[in-house]
Protein chains: 2
Amino acid sequence: MNISIVKIGGNVIDNPEKLEDFLLLFARLEGKKILVHGGGVMASKIGESMGIQANMVDGRRITDEPTLDIVTMVYAGLINKKIVAKLQRLEQNAMGFTGADGNLIRSAKRPVAKIDYGFVGDVKEIDTELLEGIISQGIIPVFSPITHDRKGNLLNTNADTIASELATSLAHKHTVKLYFCFNKAGVLIDENNEDSLVPKINEDIYDELKRDNVIHSGMIPKLDNAFSALQRGVSNVWIGKAENLILASKGMKSGTNIERHRYDLY
Amino acid sequence: MNISIVKIGGNVIDNPEKLEDFLLLFARLEGKKILVHGGGVMASKIGESMGIQANMVDGRRITDEPTLDIVTMVYAGLINKKIVAKLQRLEQNAMGFTGADGNLIRSAKRPVAKIDYGFVGDVKEIDTELLEGIISQGIIPVFSPITHDRKGNLLNTNADTIASELATSLAHKHTVKLYFCFNKAGVLIDENNEDSLVPKINEDIYDELKRDNVIHSGMIPKLDNAFSALQRGVSNVWIGKAENLILASKGMKSGTNIERHRYDLY
């Protein structure tokens, strides 16, 4: 099978109009597909309305027990089911999942090192066969970034990582393309100038741009996930704006393509 | 297939110890099975902590837009995924659903009559084939009481009704037993005395007990659902305490069996 895995982040989810526009594009995407969503901003807002402040360290959420309840409610409940209902209206037979459902994604609680991230899970195992069966029936899985440890605990897991791990697990038998949609046009040399878009990036360039501090903070785990997926058999990885998803799927110029081989930057 | 459909209500869900005990029993239930859960009290509590009061008319929740968001979060997110994770620990391959997922349960927004119930859905259609496929793979569906209209809207739907409708849809081809677990021992002549349990009830007795106001308020829709399921092909309907589920499944004396045929009450 040819399978497209699309990840959308908070900037699309938090804006109802952007979400509608994105879902129309996603519905037009041809072939088998999976959607993975995040949703951080909305979780923080709802937590605050309940008197629970988001606890962030180095841009990462610390998931204590009340926070785990909030992200479970918001990601797996509110956001996931709204997306599923909207896709159903577009005659897309979407079905929402966490990693706990059908034991699709088992993770392990991250060991406490310098920082105790709390109830955060690192992906350990994916039931690829069950997932293939679901996709081959014409169902479109919609994953929220919640997994479980199979010991009864839900765990908060980075949505980029989930997208990358699902892509990798399916790449053993299928041709998989991975699309990370976010709020920028792609990898930018100057983050305030879309004309500075890097249309293609490989690991050599990535290392260089990290060294020069052009690529930093939240972009690093995103690109690490992208390269990790490529190294483990995913055919194509793309990063760019949600509105360019269809262009990207047709191989037309937009966003940043992440590639394994060396070439010149300009 | 022989399929058991078990409905649990708020008194089990709101109490972590009772929920653990119930899930152990549910795990022991033999054969194919489906769990349907409610969760009203927790939704009200979380709504209140966000400054949104539950709006009840005649014991029924009015589902305005903020309330729909809360029940979606709490039912489909928090409660559903916690139950799924706990069943997974018990090596039960549970998978959580709303009616929107895979378009499993399509409903229609209840027309406004004397009361405007808001975003409340009456069940219209079940994708029995998809549900059979899921069950026959050894997966245990766990339904939260949220459905959708296939026009992009989620709708709040009574959990007893969902259990009864799922049972009916499967009864065309399968032998289906329906268990309503609630906070009483069954149908009681004196609601404060468990010795006054009615071990069997049919429609004639039901009419009589309603006329005498022995059966009233919340018990009426519950029994209406039960009789409706029996009339539409469900083999057995039982109502009683969650802790008696295994006794009931083995045909041992406990709770109230709902039957179609006439017999003497004593």
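Throughout, protein chains are lettered first and strands after them, A, B, ... in sequence-line order, and every chain is numbered starting at 1.
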With rounding to the nearest 0.5 Å, note down the distance linking CG in A/L104 to CE in B/M95.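 So the CG of A/L104 and the CE of B/M95 are separated by 5.0 Å.
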I'd like to verify something: which residue of B/A76, B/G51, B/G77 has the highest number of heavy-atom pairs under 4.5 Å with chain A?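 Of the candidates given, the most pairs with chain A belong to B/G77.
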Which atom pair, heavy atoms only, marks the closest approach of B/L154 to A/A85?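 That closest heavy-atom pairing would be CD2-CB, 3.8 Å.
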Using ring pair (Phe, Tyr, Trp, His ring centres under 6.0 Å) as the criterion, list what pairs up with A/F180, not counting sequence neighbours.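 A/F180: no ring pair (Phe, Tyr, Trp, His ring centres under 6.0 Å) contacts found.
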Where does A/I146 contact chain B at under 4.5 Å (heavy atoms): side chain, backbone, both or neither?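 Contact with chain B: none, neither part.
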Go through the atoms of A/I140 and report whether side chain, backbone, both or neither lie under 4.5 Å from a heavy atom of chain B.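 A/I140 has no heavy atom closer than 4.5 Å to chain B.
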N/O donor-acceptor pairs between chain B and chain A, cut-off 3.5 Å:
residue : atom : partner : partner atom : Å
B/D69   : OD1  : A/K82   : NZ           : 3.2
B/K81   : NZ   : A/D101  : OD1          : 3.1
B/K81   : NZ   : A/D101  : OD2          : 3.0
B/K82   : NZ   : A/D69   : OD1          : 3.3
B/Q88   : NE2  : A/A100  : O            : 3.3
B/A94   : O    : A/G102  : N            : 2.8
B/G96   : N    : A/D101  : OD1          : 2.7
B/A100  : O    : A/Q88   : NE2          : 3.3
B/D101  : OD1  : A/K81   : NZ           : 3.1
B/D101  : OD1  : A/G96   : N            : 2.7
B/D101  : OD2  : A/K81   : NZ           : 3.0
B/G102  : N    : A/A94   : O            : 2.7

Output, in order, the C-alpha distance, side-chain angles, deciding distance and verdict of side-chain contact (heavy atoms from CB on, under 4.5 Å) for B/I70 and A/L78. CA-CA 8 Å; B/I70 289 166; A/L78 193 60; over 6 Å; no
Closest-packed option against chain B by number of heavy-atom pairs under 4.5 Å, given A/V84, A/I79, A/V71: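 Looking at each option in turn, the highest pair count goes to A/V84.
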